[in-house]
Amino acid sequence: MNISQQHLLNQLDDLTRLPRPVLGQVVSLPNHAIGTPHRHPWAQLSYAIKGVLTVETATGQFVAPPTRAVLVPPEVEHGVHCPAHTVIRSLYIDAKHLPWQHCQVLDIDPLLRELIVAFGLLPVEYDEHGAEGRLVALLLDRLVQAKPSDLMLPWPTDARLTELCRYLASQPDCRLPLSHFSAQLAVSDKTLSRAFKQDTGMSFRQWRQRSRLLAALPLLEAGERITDVALACGYDSLSAFIAAFKALLGKPPGQYLLM
């Protein structure tokens, strides 16, 4: 943990309650990524208007480009990670205003994005009964209507699978087949496949493809060529990468860059 993160965590410890139902002023605490695992008694909407951020919890990895945000419920231990160029405009929110009980990725439409940006310019103790309060009410109303997204990667609870999944997530260009890993674990391909499905809800192939596509998002956001990103994320064919990307995000990589 660096000195800056420790300072932020100390500030969070000193913050016993939110001064208003929502906290997220441009120069306030939420606009810095804290990678060290921590928790707090309010919900957190981790959002970046530029760059891609990742929230890590014990149950999964949640990835948010600028069209998504990660909702972290109260008391869920998490760490937030992002490249240096990322511009964060996250919110801390009184949980009574939100319906979600589990960490998840949410779609951020253009109106909600602008509301988050506008809210960041308000004072910390904004006027709850005037125009500022109405802006916050609209922001919360739009947030509650936000649709969930599939940009998350579930972590298994089986220690053997956890080690395998951590490896694959860190090496998206790995092309080793399932049989290689089942041999390493001294189990049959069928046994490993069954364990994967039971523990993550996804097949080995589905999980690895999701991992590769999530790894592609920061590279695309950084401006790397689509062909280079496809190769870096384990795809032999550009067309296969584009098809898989479109299936997960609804648009091909070229259009995603224009979002």
Side-chain angles (χ1 to χ4, degrees), residues 18-34 42-56 61-73 78 80-95 97-100 102-124 126-128 130-152 213-214 216-224 245-246 248-259:
L18 296 179
R20 290 290 186 271
V22 184
L23 173 66
Q25 207 262 349
V26 168
V27 296
S28 65
L29 293 174
N31 297 301
H32 301 275
I34 303 177
W42 39 75
Q44 177 175 330
L45 186 76
S46 287
Y47 177 62
I49 60 175
K50 178 183 178 183
V52 176
L53 60 79
T54 300
V55 174
E56 292 271 359
Q61 180 186 84
F62 302 80
V63 180
T67 54
R68 309 288 195 278
V70 183
L71 191 285
V72 184
H78 64 283
V80 182
H81 307 272
C82 61
H85 71 278
T86 306
V87 179
I88 301 176
R89 290 291 181 268
S90 293
L91 308 176
Y92 287 164
I93 306 171
D94 187 329
H97 296 285
L98 302 175
W100 301 288
H102 304 287
C103 193
Q104 59 189 293
V105 181
L106 300 173
D107 287 349
I108 301 297
D109 63 27
L111 175 57
L112 183 51
R113 179 190 188 278
E114 293 306 316
L115 288 169
I116 293 173
V117 172
F119 176 76
L121 301 176
L122 300 183
V124 170
Y126 56 83
D127 179 6
E128 294 184 81
E132 296 169 345
R134 293 193 293 273
L135 185 149
V136 174
L138 178 58
L139 187 160
L140 290 173
D141 182 63
R142 295 294 300 183
L143 180 58
V144 168
Q145 297 178 56
K147 297 178 180 178
S149 172
D150 289 331
L151 299 189
M152 70 85 61
L213 293 171
L214 295 185
L217 293 177
L219 302 179
L220 292 170
E221 185 71 16
E224 295 193 23
F245 192 96
K246 185 176 181 180
L248 180 64
L249 283 101
K251 296 184 178 182
Q255 291 184 27
Y256 163 79
L257 293 172
L258 301 176
M259 295 168 74

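Everything quoted here is computed from the prediction, not taken from an experiment.
V70 and C103 get closest at one heavy-atom pair: CG1-SG, 3.9 Å. Residues P21 and H97 come closest through the heavy atom pair CB-NE2, 3.5 Å. Shown here for S46 and V80, the closest heavy-atom pair between the two residues is OG-CG2, 3.8 Å. Between R20 and V124 the shortest heavy-atom distance is CG-O, 3.5 Å. A pairwise comparison of heavy atoms in L91 and L139 identifies CD1-CD2, 3.8 Å as the closest pair. Minimum heavy-atom separation, Y47 to P66: OH-O, 2.9 Å.
In this view, P218 and V52 satisfy the side chain to side chain contact (heavy atoms under 4.5 Å, CB included) rule, not counting sequence neighbours. Residues satisfying the side chain to side chain contact (heavy atoms under 4.5 Å, CB included) test with T54, not counting sequence neighbours, are E56, Q61, V63. Shown here are the ring pair (Phe, Tyr, Trp, His ring centres under 6.0 Å) partners of F62, two or more places apart in sequence or in another chain: there are none. With sequence neighbours left out, T86 forms a side-chain hydrogen bond (donor to acceptor under 3.5 Å, both in side chains) with no residue at all. A search for side-chain hydrogen bond (donor to acceptor under 3.5 Å, both in side chains) contacts involving D141 returns Q145, not counting sequence neighbours.
In this structure, W42 and Y92 have tilted ring planes: the angle between them lies in the 30° to 60° band.
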Checklist line | L249 and L151: CA distance, side-chain angles, deciding distance, side-chain contact (heavy atoms from CB on, under 4.5 Å) verdict | finding: CA-CA 8 Å; L249 283 101; L151 299 189; 4.2 Å; yes
Check: How far apart are the C-alpha atoms of K50 and H85, what are their side-chain angles, what is the distance that settles it, and do they pass the side-chain contact (heavy atoms from CB on, under 4.5 Å) test?
Finding: CA-CA 8 Å; K50 178 183 178 183; H85 71 278; 4.1 Å; yes
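For residues 107-119, the side-chain hydrogen bond (donor to acceptor under 3.5 Å, both in side chains) pairs, not counting sequence neighbours, are R68-D107, D109-R142.
No donor-acceptor pair closer than 3.5 Å links the side chain of D127 to the backbone N or O of E132. Listed for the D94 side chain is no donor-acceptor partner under 3.5 Å among the backbone atoms of V22. Between the side chain of T67 and the main chain of I108, no donor-acceptor pair closer than 3.5 Å is present.
In this structure, CG in L217 is found 5.5 Å from CZ in F245, a value given to the nearest 0.5 Å. Atom CD1 of I34 is separated from atom NE2 of H78 by 7.5 Å, given to the nearest 0.5 angstrom. Separating the OG atom in S149 from the CG atom in L106 is a distance of 8.5 Å, to the nearest 0.5 Å. Interatomic distance, L98 CG to I93 CD1, rounded to the nearest 0.5 Å: 5.0 Å. Taking CG of L143 as the reference point, atom CG of L138 lies at 11.0 Å (rounded to 0.5 Å).
Residue F119 forms a side chain to side chain contact (heavy atoms under 4.5 Å, CB included) with just one option from V26, L135, L23, and that option is L135. Checking each of C82, P65, P83 against L53 for a side chain to side chain contact (heavy atoms under 4.5 Å, CB included) leaves exactly one that passes, namely C82.
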